[in-house]
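To keep things clear, I will list the structure first and then write my remarks on it.
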Protein chains: 2
Amino acid sequence: MHNKNCIMRLSRYRSALTNLKLLNFNRVFSDNLADAAGATSAQVRKDFSIFGLAGNRRGGYLVDELIAQLDKILGKDKVQKFILVGAGNMGKALMNYPGFEKNSIRIIAAFDIDQTKLAPNAGTPVLPLEQVKDFIAKNSVQFAIICVPVLAAPQVSEILLSAGIRGILNFAPIRLKDREGCVIENINLVTELENIIYFVKALDSTNA
Amino acid sequence: MHNKNCIMRLSRYRSALTNLKLLNFNRVFSDNLADAAGATSAQVRKDFSIFGLAGNRRGGYLVDELIAQLDKILGKDKVQKFILVGAGNMGKALMNYPGFEKNSIRIIAAFDIDQTKLAPNAGTPVLPLEQVKDFIAKNSVQFAIICVPVLAAPQVSEILLSAGIRGILNFAPIRLKDREGCVIENINLVTELENIIYFVKALDSTNA
DNA sequence: AAATGCTTGTGAATATTTTCACAATAATTA
DNA sequence: TAATTATTGTGAAAATATTCACAAGCATTT
């Protein structure tokens, strides 16, 4: 099993490649790609060699072929079904995020405890949370996104994991713990902004 | 200057501490905190020693004191002003995200090119993008969040940086490059989900 | 067809990060 | 007050990750 940063980079390479493809690139060199993906050329080549992605010496890499190979590695050769819990502002924004559909990621339903948020007939239906367990089983869903308030997040996570969800992206500002055979990724927006604030201030005090 | 992961962890410790404080903890030990923040106790102590955060041997750390010290390090002792560009679904969700105000992060205005999205008199005003440069200067804004479509993102970034913005959180799925003295953090939602998909599948094939 | 130039692929070297392990020491108990 | 116990703080060791540097090899030029 390979490390998280490495897989993140593969995914960034893929994203950069799709952008380069729109600019009519047929081939890329490791340094083009490094530049577009925020890495170094040696890193790109090393990552590729780990996964057996080969180019041509002097000829670089074929964009289409590389995207296809990365798709395979990243499980993008077929559509991946997600559910979402918490149809608040953030939840709704994610339900409508155009990047997902384009990238074989489909949010097939959302769930909420708030009656006023329900919309069982919408394009992406919003259903009562008590139906989530059945829904997961019936539709063989493996992946979920949590967008509920911090206090509800641990319970929701527990429900999802016990219903068979294997991978969770959590936006609630509390670190959810995974269990054997499951993966939880936590995005804490405040933390991300604090990081930026810190480094801007650090730059100031270095130059002062 | 310290490394990104380390600062991220400090920020997570802070987040975990505020959660622990709600549970009436006065003191924490490095292993409590590690557990809550997803780290190891040795890591917590090492990080703290780098920043001169001291506890009591056998007595652990005082929660309030630690939060105050972390606030200082992370620039949370005063409100940090942000602007946001791109008042679409995601942009609006972030404008209403309750975690920011609680954490001394204030989005003071949003900007868009789409006339129909403007709302100059809203709580957080949504203004025409052409006003952004003046606004940044007049209000001494250092930080921005980009929530525009991928094709617009590089231009918007250029405008913001040349207007004096020093730190950007970018949600557009393209890696924006910083310039001297600036910090750009990129969050690519597709990449995050791909990571989860990969590791769930990796677990399956390991156990198969 | 040989020479040249450019880019890959990768082992070795370097750098960074994390973990270990234990002396120092504060709280608690006897 | 002395003994015991629990936890910090931190060098040293181990593990990981990144970069270097260059032989191998393809494309282009001469």
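Chain identifiers are assigned alphabetically (A, B, ...) following the order of the sequence lines, protein sequences preceding nucleic acid strands; residue numbering begins at 1 within each chain.
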- Message: Using whole Å, what does the distance between atom P of nucleotide D/dT5 and atom CZ of B/Phe29 come to?
- Response: 17 Å
- Quick one: the side chain of B/Arg58 and the base of C/dA26, do they pair up donor-acceptor inside 3.5 Å? no
- Record whether the side chain of A/Arg45 comes under 3.5 Å of the base of C/dG9 through a donor-acceptor pair of N or O atoms. yes
- B/Tyr61 near the nucleic acid: base, sugar-phosphate alone, or nothing, with a heavy-atom cut-off under 4.0 Å? sugar-phosphate
- In whole angstrom, give the distance that lies between atom CG of B/Leu33 and atom C1' of D/dT8. 14 Å
- Query: So what does A/Ser30 touch, heavy atoms closer than 4.0 Å: a base, only the sugar-phosphate, or nothing?
  - Reply: sugar-phosphate
- Query: Rounded to the Å, how far apart are A/Lys4 NZ and C/dT18 P?
  - Reply: 12 Å
- Item | Euclidean distance, atom CE of residue B/Met8 to atom P of C/dT17 [Å, nearest integer] | 14 Å
- Query: Using 30° and 60° as the class limits, which term best fits the ring planes of B/Phe82 and B/Phe143: parallel, tilted or perpendicular?
  - Reply: parallel
- Kindly say if A/Gln43 contacts the phosphate of D/dT19, meaning a side-chain N or O under 4.0 Å from OP1 or OP2. yes
- Query: Counting side-chain heavy atoms from C-beta on, which of D/dC20, D/dG11, C/dC20 comes nearest to B/Ala42?
  - Reply: C/dC20
- Message: Is it the case that the side chains of B/Asn89 and A/Tyr97 hold a donor-acceptor pair, with the cut-off being a distance below 3.5 Å and no angle test?
- Response: no
- Write down the distance between CG (B/Leu62) and P (D/dT7), rounded to a whole number of angstrom. 15 Å
- Message: Are more than 12 heavy atoms, taken from residues, nucleotides or ligands other than A/Ile67, located less than 6.0 Å from that residue's CD1 atom?
- Response: yes
- Item | Spacing of B/Phe48 atom CZ relative to D/dG11 atom C1', expressed in whole Å | 20 Å
- Hey, does A/Thr40 reach any base, or is it just sugar-phosphate, or nothing, if we go heavy atoms under 4.0 Å? sugar-phosphate
- Task: Output yes when B/Glu158 and B/Arg179 qualify as a salt bridge under the 4.0 Å nitrogen-oxygen rule, no when they do not.
- Result: yes
- Message: With no hydrogens and no angle check, just 3.5 Å: does a side-chain donor-acceptor pair link A/Thr191 and B/Arg12?
- Response: no
- Note on the structure: Ranking A/Asn56 and B/Arg27 by the position along DNA chain C of their nearest nucleotide, the one closer to 5' is A/Asn56
- Message: Is A/Asn3 close enough to D/dT16 that one of its side-chain N or O atoms is under 4.0 Å from OP1 or OP2 there?
- Response: no
- Query: Would you say the base of D/dT8 and the side-chain of B/Arg57 have a donor-acceptor pair closer than 3.5 Å?
  - Reply: yes
- Rounded interatomic separation in angstrom, taking NZ from A/Lys46 and C1' from D/dC20: 10 Å
- Item | A/Asp31 CG to C/dT7 P, straight-line distance once rounded to whole Å | 7 Å
- Message: Under 4.0 Å, heavy atoms only, any strand: does A/Arg9 hit a base, just the sugar-phosphate, or nothing?
- Response: sugar-phosphate
